[in-house]
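Keep in mind the model is a prediction, meaning the values are calculated, not measured. Computed from heavy atoms alone, side chains included, the values below leave out hydrogens, waters and symmetry copies. Just follow the structure's listing: the first ligand is 1, and inside any ligand the first atom is 1.
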Amino acid sequence: MMKILFAASEAVPFMKTGGLADVTGSLPGYFDKKHFDVRIIMPKYLCMDEKWKAQLRFVCHFYVNLSWRRQYVGIFETVQNGITYYFVDNEFYFAGDKPYHNIYEDVEKFAFFSKAVLEALPYLDFWPDVIHCHDWQTGLVPVFLRTFYGDQRCYSNIRTVFSVHNLKFQGRFSLPAVIDITGLPEQIFSSDKLESYGEANYLKGGVVYADAVTTVSPTYAREIMTPEGGEGLDGLMRAREGSLYGILNGIDIREYDPQTDAYLANHYNETNHTEGKELNKLKLQKLLGLPVDKDVFLLGMVSRMTDQKGFDLIAYVMDELMSTERLQLVVAGTGEARYEEMLRYFAEKYPQKIHVTIGYSEELAHRIYGSCDAFLMPSLFEPCGLSQLMSLRYGTVPIVRETGGLKDTVMPYNEYEQTGTGFSFANYNAHEMLGVLRYAMRVYYTQRKCWNGIAERAMREDFSWKKSAETYARLYEDIVGRP
Ligand code: GLC
């Protein structure tokens, strides 16, 4: 039995700010249980929902040294959907109303977490063969492991995987501060290790020290090796090319299933999706106060409102789109104030056509997937993207920019061969996006059979975790077998 420990700053259902949590919380459930025991360790945030906190069981406590500091660590555990979750407790670090605050607090917080993960192992009754780290918050785990624990055999046998879910976030901080926080010897801060552009960089630490590096789609793996997509680290990524794998994310197809989804008024599958979705659409329009009209093109978006997601393109052509085309737009999400305000502004300007919900509601998200005709995702960059996978599964035709995982998962419609599962455009250009939106609407309004064909092919695609879990399993076996 191979033992794998996921170390992450968030995982569903306990804490989620983005797609990372969907991955860390759902992937462990898809390994072959006869051969793999996959568990998760994450912080016990004070802002976690009471319902989850109440279910945690105290395991033990101890103290961990972080340079000159000596800090309390409590370990809690619970089993959720058959998966064991461990939680690191320390109310000094994990207090507050959200998991991340500012880089000042977060660098120390996640140095502490990374050290606590390694120190917790003797108490867990679960000695991992592999620690699988996710994003910069856990970048120091491989660094600490090799630097402080190298002479202890049980630790030196552990292999590490570091997964990049978004290269834009690196955990960069001033060198003297990180030296002081971590207690790592100065030679670790050379330019071939933790140093990057004059700062200490946690993500770089993970990438340099891990036995294998993965990211969440094959196209993104290629993009991050280029100056355009490398966020300043393309040289590093090229240096690790031999151990860099692009493994596509999946989705939890039990949770996202239009045949059973509890949030949907009406269930459907690939044979009856047209009628099935129509009823949902009418209900959603009614709920949101939009004109109830089964024939209008209903476009959805569920997204973090950041520049990554392409909101600048939308702002640029929104007036043109709304004043010339017959459509309704439904948006849900939270993020940067400038995008929230932009969307509110347009929703007020076009109350008959646009509805914007600032906030995150699982129910509304599911209803958007299960009711809209199409789903818009014009990302500037997209490591994998999960919303387009959910849209495909619900027969909601994705309209995307060809970047990262969007390029790997949405096959552009070909009207001559009647193939494809969505629409896409290549350049980060608002009028290119507008052009493809108009093309999609033309197909929708004038060739409905072809449109329905696209939706049906989308629904028949398989983006379950099964394939990816097998690929990770082979990777674990490969690195564990190495001397
Ligand atoms: C990040 C990326 C997104 C990816 C997710 C899970 O949120 O922006 O593209 O799907 O992580 O890997």
Side-chain angles (χ1 to χ4, degrees), residues 6-13 15-30 40 42 98-100 132-139 161-171 203 206-207 213-224 229-231 233 244-253 255-256 301-311 333-336 339 360 365 369 375-393 398 400-410 424 428 463-465 467-469 471-472 475:
F6 275 30
S9 57
E10 47 183 280
V12 291
M15 182 51 68
K16 168 170 167 173
T17 71
L20 168 66
D22 290 308
V23 174
T24 51
S26 57
L27 171 58
Y30 286 84
I40 301 165
M42 63 183 282
K98 46 187 197 298
Y100 315 120
H132 187 158
C133 307
H134 297 268
D135 274 355
W136 73 264
Q137 292 87 345
T138 55
V161 175
F162 183 76
S163 287
V164 178
H165 294 264
N166 193 336
L167 190 57
K168 184 159 180 154
F169 304 111
Q170 300 179 1
L203 179 135
V207 171
V213 180
T214 74
T215 187
V216 288
S217 72
T219 295
Y220 193 62
R222 281 192 300 276
E223 288 170 349
I224 60 178
E231 304 284 352
L233 295 182
L244 173 64
Y245 305 86
I247 305 174
L248 208 55
N249 285 335
I251 53 170
D252 193 333
I253 56 169
E255 194 196 332
Y256 292 94
M301 285 188 85
V302 178
S303 179
R304 278 186 290 123
M305 291 167 183
T306 64
D307 58 349
Q308 176 190 339
K309 300 295 179 176
F311 284 98
T334 60
E336 293 172 30
Y339 296 123
Y360 189 77
Y369 295 125
F375 191 87
L376 181 60
M377 216 168 155
S379 304
L380 173 61
F381 68 93
E382 198 59 76
C384 177
L386 300 172
S387 306
Q388 84 279 14
L389 304 182
M390 295 157 189
S391 305
L392 288 163
R393 174 119 172 106
V400 305
R401 192 171 93 81
E402 290 153 19
T403 182
L406 295 173
K407 190 168 174 179
D408 293 329
T409 55
V410 177
S424 64
Y428 194 68
F463 287 110
S464 70
W465 272 113
K467 250 186 289 168
S468 324
T471 312
Y472 281 112
L475 178 62

- Query: Once you round to the nearest 0.5 Å, how far does CZ of Phe375 lie from CG of Leu389?
  - Reply: 10.5 Å
- Message: As an exercise, identify every atom of ligand 1 less than 4.0 angstrom from a heavy atom of Val23.
- Response: 6 (C), 12 (O)
- Considering only heavy atoms from C-beta outward, does the side chain of Leu203 approach that of Leu233 to under 4.5 Å? yes
- Where ligand 1 meets Arg304 - atom numbers and elements under 4.0 angstrom, heavy-atom basis: 7 (O), 8 (O)
- Item | Residue Asn249 vicinity, atoms of ligand 1 by number, heavy atom under 4.0 Å | 6 (C), 10 (O), 12 (O)
- Under 4.0 Å from any heavy atom of Asn166, which atoms of ligand 1 are there? 8 (O)
- Message: Is there a side-chain contact between His132 and Pro28 in this structure, where contact means two heavy atoms from C-beta onward sitting under 4.5 Å apart?
- Response: no
- Query: Should the pair Glu382-Lys309 be classified as a salt bridge under the 4.0 Å nitrogen-to-oxygen rule?
  - Reply: yes
- For Gln308, atoms of ligand 1 separated by under 4.0 Å from a heavy atom: 8 (O)
- Query: Looking at atom 9 (O) of ligand 1, what's its closest protein heavy atom, distance included?
  - Reply: Glu382 OE2, 2.5 Å
- Atoms of ligand 1 close to His165 [distance to a heavy atom under 4.0 angstrom, numbered from 1]: 1 (C), 2 (C), 6 (C), 11 (O), 12 (O)
- Task: For Val216, counting its heavy atoms only, list the atoms of ligand 1 lying under 4.0 Å from any of them.
- Result: 12 (O)
- Message: Any atom of ligand 1 sitting under 4.0 Å from a heavy atom of Gly405?
- Response: no
- Item | Test side-chain contact (heavy atoms from CB on, under 4.5 Å) applied to Lys16 and Tyr360, step by step | CA-CA 11 Å; Lys16 168 170 167 173; Tyr360 189 77; 4.0 Å; yes
- Query: Is any side-chain heavy atom of Pro99 less than 4.5 Å from a side-chain heavy atom of Thr17?
  - Reply: yes
- Within 4.0 Å of some non-hydrogen atom of Gly385, the atoms of ligand 1 are 3 (C), 4 (C), 9 (O), 10 (O)
- Query: Which bit of Lys168 gets closer than 4.0 Å to ligand 1, counting heavy atoms only: side chain, backbone, both or neither?
  - Reply: neither
- Is there a donor-acceptor pair under 3.5 Å between the side chain of Arg393 and the backbone N or O of Tyr256? yes
- Main-chain N/O of Pro383 paired to Ser217 side chain as donor or acceptor, under 3.5 Å: yes
